[in-house]
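For reference, the structure discussed in these notes is given below.
All figures in this text were calculated on a predicted structure; none of them were measured in a lab.
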Amino acid sequence: MRTSARGPQPAERKSLASHRGGERKSFSSLGSLWPWGAFAFKAVSSFLIAFRLRATRVRESSPTSKPQAPVAPLRVLALCLLALAACADPNRPGPPRDGRLCVIVIDATNAAHLSSYGGPAGLTPNIDALAARGRRFARAVSNNTWTLPSTASLMTGQLQERHAVATPQDKLPASAHTLADSFQSAGWLTAGFVQMAYAAPEYGFDQGFDSYDYYGVLHEERKALGFQTVPDTERWMDSHRDENYFLYLHMRRPHSPYKPHGKQLARVEGPNSDHKAKRDSELEGADAFGVRDLPAADRERVTTLYRANLATVDAQLKSVLDRCARDGVTVVLTSDHGEALGERGWYGHGDYMHSESVSIPLIIAGPGIEAGTSNQVVSTVDLFPTLHEWFDLPMGQRSLLDGESLATQLRESSVETNRRALISARHRQGKLPQIGVIEGDWKLIWQESATPKLFNLAQDPFEFEDRYHSEPTRARELERTAQALAEKHRLLESKLAGGAAPSAGLNADLEALGYLKSEDEEK
């Protein structure tokens, strides 16, 4: 199933974007004159003061001298420089910066499997090349454990408890302000190419986009020669390479079904594989297993299929990433959540928030971004304020955002601050979800009906040693934060967004992805 949503497109849209881009360049040039204008203004002011004092001394020493006429040209020059300095004041909010931005989400990606995050060498060469030329955030986490609320958080800079898109029946309301809204308002072209059902137009994610194409999983799997999403994206990029644009690309893989392309599977499994196709057809949907005790060989095979799926999407993205590098496009590559592959007997995502479920990649590369690795805690909810600051977009009410800007960290690799990340698991009606709090090296997993768990991520990054009882002071501090978020979550029922109306085709895609189950089984 492929659907296309088109936003308002007046005939002059292209010329208007170009005109606005020209305005931004002229203002930007004026801003660059600020240091020289300020220096010149100070110099002329000093000269005028000195000249006035000298003229005053001359008049005072010579009583017969006539009053001197004002030095009009110098005064005019001084006033002009004063106006120039005022107009170019860098503390005043300026017009948006020119540029092109491509936000890429690869769904259900546990960062630990990417080569650049410590996974098997050579598994994801194209993503690794992006990480090498940009800023890799080594400790990025998702703000939720499944696609719909997490994508809403990325687009709005708000947690689930604020944007209220928390159940499969919820749609991002028209009153929400998204990244696409901001870039479109600034005169940029906006386009979305989306493979994941929970990011489809029916859930409100097409707002702010001039065009928004959804490629259903069934549509894509019928394509014998591969995905149409990427070629369509490339054609769009090529046709708008000289314009300001915001491009959103949401890839389904490595999300299940773990059905990789044959070439990538052969590369990952090696030449001595003795797998059986029938068993693979059962294991490719392992994220629907929930808690299950699989034999060791099956657990290993699930990991192989998942990694080959990850290698497949890496290969598919090569041409897009190459174009971004060629054209100077800023790239954000991330995921909406992680994926458990039996580490604790659990498969998939949705309800739990150990590292495998929420640890995600976050790589930002492009003009002006210093390459390197950041080891501070960050999350996808930080992208909204980061991109607004980076491209000089008006941010609106800062108090309505839950994220913090990373723009300073993109410019200066040495800047590291003590940051906090909050995570919510799937919302269940009448039940509080698991809540995660990460601050510095410590992570608390809190649940109302169970004893919390505390982990030292510096010493135990995969969270197997619970220190809740041995670190009571630290545990209590983080518990207070978790309980405050839980209080906000209790109010969620009264403000759930609602309004989603999936089509029959979209429901078929959701079923193919392992969704549309009972509330207790839903992934």
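- For Ser335 (side chain) and His337 (main-chain N/O), a donor-acceptor pair under 3.5 Å exists by modelled atom type.
- Using a cutoff of 4.0 Å between basic side-chain nitrogens and carboxylate oxygens, Glu356 and Arg344 are scored as salt-bridged.
- Proximity of a side-chain donor or acceptor of Ser116 to a complementary backbone N or O of Asp128 within less than 3.5 Å is not detected.
- Between Glu370 and Arg411 there is no salt bridge, since no side-chain N of the basic residue sits under 4.0 Å from a carboxylate O of the acidic one.
- Under the 4.0 Å criterion applied to side-chain N and carboxylate O atoms, Arg235 and Asp232 are assigned as salt-bridge partners.
- Taking Asp314 as the reference, nothing meets the salt bridge (charged side-chain N to carboxylate O under 4.0 Å, His left out) condition, with sequence neighbours excluded.
- Side-chain contact, His163 with Ser153: a donor N or O sits under 3.5 Å from an acceptor N or O.
- Ring centroids of Phe193 and Tyr212 are separated by 6.0 Å or more, keeping the two rings apart.
- Looking at Ile435 and Gln447, their side chains never come closer than 4.5 Å, going by heavy atoms from C-beta outward.
- Side-chain atoms of Gln376 never come within 3.5 Å of backbone atoms of Gln409 as a donor-acceptor pair (strictly under, hydrogens ignored).
- Among residues at least two apart or in separate chains, there is no salt bridge (charged side-chain N to carboxylate O under 4.0 Å, His left out) pair with a member in residues 167-186.
- Screening Tyr245, Phe246, Phe183, Phe209 for a ring pair (Phe, Tyr, Trp, His ring centres under 6.0 Å) involving Trp188 leaves a single residue, Phe183.
- No side-chain heavy atom of Leu362 sits less than 4.5 Å from a side-chain heavy atom of Ile360.
- Other residues, nucleotides and ligands contribute more than 12 heavy atoms inside 6.0 Å of the NZ atom of Lys495.
- A donor-acceptor contact under 3.5 angstrom links the side chains of His240 and Glu243, judged on distance only.
- Among Phe455, Trp346, Phe464, the one residue that satisfies the ring pair (Phe, Tyr, Trp, His ring centres under 6.0 Å) test with His354 is Phe455.
- In this structure the side chain of Tyr214 never reaches within 4.5 angstrom of the side chain of His250, judged on heavy atoms.
- Under a 3.5 Å cut-off, the side chain of Arg419 and the backbone N or O of Val377 do form a donor-acceptor pair.
- Asn244 contributes a side-chain N or O that, together with a main-chain N or O of Gly99, makes up a donor-acceptor pair within less than 3.5 Å.
- Side-chain contact between Thr386 and Leu410 is present, with heavy atoms from C-beta onward closer than 4.5 Å.
- Put simply, the side chain of Pro254 does not reach to within 4.5 Å of the side chain of Glu339, judged on heavy atoms.
- No side-chain heavy atom of Thr109 sits under 4.5 Å from any side-chain heavy atom of His255.
- Among pairs with a residue in residues 104-113, none fulfils salt bridge (charged side-chain N to carboxylate O under 4.0 Å, His left out), at least two apart in sequence or across chains.
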